[in-house]
K.L.:
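Sharing a structure below in structure tokens format, with a few things to ask.
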Amino acid sequence: MKKTAAILSVATIGAMMVSSVTAFADQDIDGRLVDPTADVRVNGIIGEFDNTTIGPDPENMDEWVNVTLPTTALFYTTTDTEHEIITSPEYSITNHSAVGVTVTVSDVNSANLMDDVATLNINGISLFENGLPNVTPEVLFSIVGTSESEDEADFVKTFEFAGTSSATDTTEQNPSFNLVLNFEANRAED
């Protein structure tokens with residue numbers, strides 16, 4: 001009976017070791033139950049890391065991030081609503097990385113002349129309320145990686161601004177701020 005239990009324990013530990021290696025988890029070796037040897041899969045990167053091709057993860061996961069986005073954006077009021085409604089063109093962020101990327105609205109800073117902005121949001125995420133920053137970090141969207149789809153449209157996500165103005169006069173004003181976005185690689189485990 002003890003011999004059968006020992007064989008089953010060895011088989012169970014062996015199965016756990018194999019599944020641990022493929023899941024990149026730690027493995028435990030107990031010399032009382034099995035031969036104290038183990039295989040460790042070793043991956044390497046020689047040369048400059050290429051984030052457009054699937055391969056082993058670099059030490060710094062931020063190296064996977066490879067996106068294109070605008071350096072400036074515009075919001076404005078519409079004349080057909082007596083300058084009460086704020087809108088914007090549609091802007092895009094394109095992921096060139098082999099892995100997915102999550103884009104988060106982190107903050108706004110360097111706000112200037114925002115007093116007459118009653119509300120302003122980006123894709124429904126609040127940025128300003130009554131002229132004051134009102135940002136709670138929130139995911140804007142995730143974009144799939146080039147190794148995850150063959151449809152180039154999947155690598156592009158869009159954003160736009162919307163809101164309301166409390167200005168009582170239609171004289172041009174030029175409010176501004178810096179939108180702070182955070183990018184994080186979404187590497188699915190192999």
Side-chain angles (χ1 to χ4, degrees), residues 49-55 57-58 60-190:
F49 176 70
D50 180 359
N51 59 18
T52 63
T53 303
I54 204 68
D57 286 335
N60 177 357
M61 289 296 287
D62 288 345
E63 290 184 43
W64 276 118
V65 177
N66 181 352
V67 298
T68 300
L69 68 154
T71 57
T72 60
L74 172 71
F75 68 88
Y76 54 90
T77 57
T78 60
T79 56
D80 60 335
T81 62
E82 298 182 17
H83 298 282
E84 292 176 1
I85 302 299
I86 295 174
T87 190
S88 79
E90 188 175 81
Y91 297 98
S92 63
I93 298 178
T94 304
N95 184 14
H96 305 287
S97 172
V99 303
V101 172
T102 296
V103 182
T104 302
V105 175
S106 296
D107 201 359
V108 293
N109 60 40
S110 303
N112 187 35
L113 302 174
M114 296 296 289
D115 293 344
D116 288 332
V117 176
T119 62
L120 186 66
N121 66 63
I122 180 172
N123 289 17
I125 299 171
S126 179
L127 299 175
F128 286 88
E129 191 169 316
N130 299 320
L132 299 173
N134 185 40
V135 178
T136 300
E138 189 173 334
V139 171
L140 182 60
F141 44 64
S142 291
I143 313 171
V144 301
T146 58
S147 69
E148 301 168 329
S149 175
E150 293 185 14
D151 186 352
E152 289 185 21
D154 290 342
F155 313 138
V156 180
K157 293 282 184 153
T158 61
F159 66 89
E160 57 191 333
F161 301 96
T164 57
S165 169
S166 58
T168 55
D169 124 19
T170 59
T171 304
E172 180 178 338
Q173 300 175 45
N174 300 119
S176 64
F177 65 93
N178 289 336
L179 174 65
V180 181
L181 299 174
N182 182 58
F183 301 90
E184 183 178 356
N186 296 332
R187 176 64 191 252
E189 289 191 30
D190 293 330

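Positions are given from 1, in the same order as the sequence printed here. Note that the coordinates shown come from a computational prediction; the quantities given were computed from them, not determined experimentally. All values below come from the heavy atoms of this structure, side chains included, with hydrogens, waters and symmetry mates left out.
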K.L.:
Output the distance between atom CD (Glu84) and atom OG1 (Thr164), rounded to the nearest 0.5 Å.
P.N.:
8.5 Å
K.L.:
Would you check if Ile93 and Phe183 make a side-chain contact, meaning some heavy-atom pair closer than 4.5 Å?
P.N.:
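SC-SC contact between Ile93 and Phe183 confirmed.
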K.L.:
Excluding sequence neighbours, so at least two apart, what forms side chain to side chain donor-acceptor pair (under 3.5 Å) with Ser126?
P.N.:
Asn134
K.L.:
Please determine, by modelled atom types, if Asp50 and Thr52 share a side-chain donor-acceptor pair under 3.5 angstrom.
P.N.:
yes
K.L.:
Using side-chain contact (heavy atoms from CB on, under 4.5 Å) as the criterion, point out the one residue from Thr102, Val103, Val156 that pairs with Ile143.
P.N.:
Val103
K.L.:
Is it true that the side chains of Ser165 and Thr77 contain a donor and an acceptor less than 3.5 Å apart?
P.N.:
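No donor-acceptor contact under 3.5 Å links the two side chains.
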K.L.:
Could you measure the distance from the CD atom of Glu152 to the OG1 atom of Thr146? Nearest 0.5 Å is fine.
P.N.:
10.0 Å
K.L.:
Do side-chain atoms of Asn123 reach the backbone of Thr158 as a donor and acceptor pair under 3.5 angstrom?
P.N.:
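Pair found, side chain donor or acceptor close to backbone of Thr158.
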K.L.:
When you check the side-chain N and O atoms of Glu172 and Asn174, is any donor under 3.5 Å from an acceptor?
P.N.:
yes
K.L.:
Is Val144 close to Phe155 at the side-chain level, that is, under 4.5 Å between some pair of heavy atoms?
P.N.:
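Phe155 reaches Val144 side chain to side chain.
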K.L.:
Sequence neighbours left out, cut at 3.5 Å: what donor-acceptor pairs do the side chains of residues 106-118 make with other protein atoms?
P.N.:
unit_1 : atom_1 : unit_2 : atom_2 : d
Asn109 : OD1    : Asn178 : ND2    : 3.2
Asp116 : OD2    : Gln173 : NE2    : 2.8

K.L.:
Regarding Thr104 and Asn182, do their side chains bring together a donor and an acceptor under 3.5 Å, going by distance alone?
P.N.:
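Checked: Thr104/Asn182 side chains show no N/O donor-acceptor pair below 3.5 Å.
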K.L.:
Is the backbone of Val99 close enough, under 3.5 Å, to the side chain of Asn95 for a donor and an acceptor to pair up by distance?
P.N.:
yes
K.L.:
Would you say the side chain of Ile122 lies within less than 4.5 Å of the side chain of Glu160, judging by non-hydrogen atoms?
P.N.:
no
K.L.:
Indicate every side-chain donor-acceptor pair of residues 63-76 with a distance under 3.5 Å to a residue at least two apart or in another chain.
P.N.:
unit_1 : atom_1 : unit_2 : atom_2 : d
Trp64  : NE1    : Asp57  : OD1    : 2.9
Asn66  : ND2    : Asn51  : OD1    : 3.0
Thr68  : OG1    : His96  : NE2    : 2.6

K.L.:
Please report the interatomic distance CZ(Phe159) to OG(Ser92), rounded to the nearest 0.5 Å.
P.N.:
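The OG atom of Ser92 is 8.0 Å from CZ of Phe159, to the nearest 0.5 Å.
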K.L.:
To the nearest 0.5 Å, how far apart are CD in Glu82 and OG1 in Thr168?
P.N.:
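Going from CD on Glu82 over to OG1 on Thr168, the span is 12.5 Å.
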K.L.:
Suppose we call two aromatic rings close when their centres sit under 6.0 Å apart. Are Phe128 and Phe177 close by that rule?
P.N.:
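Here the rings of Phe177 and Phe128 have centres that are less than 6.0 Å from each other.
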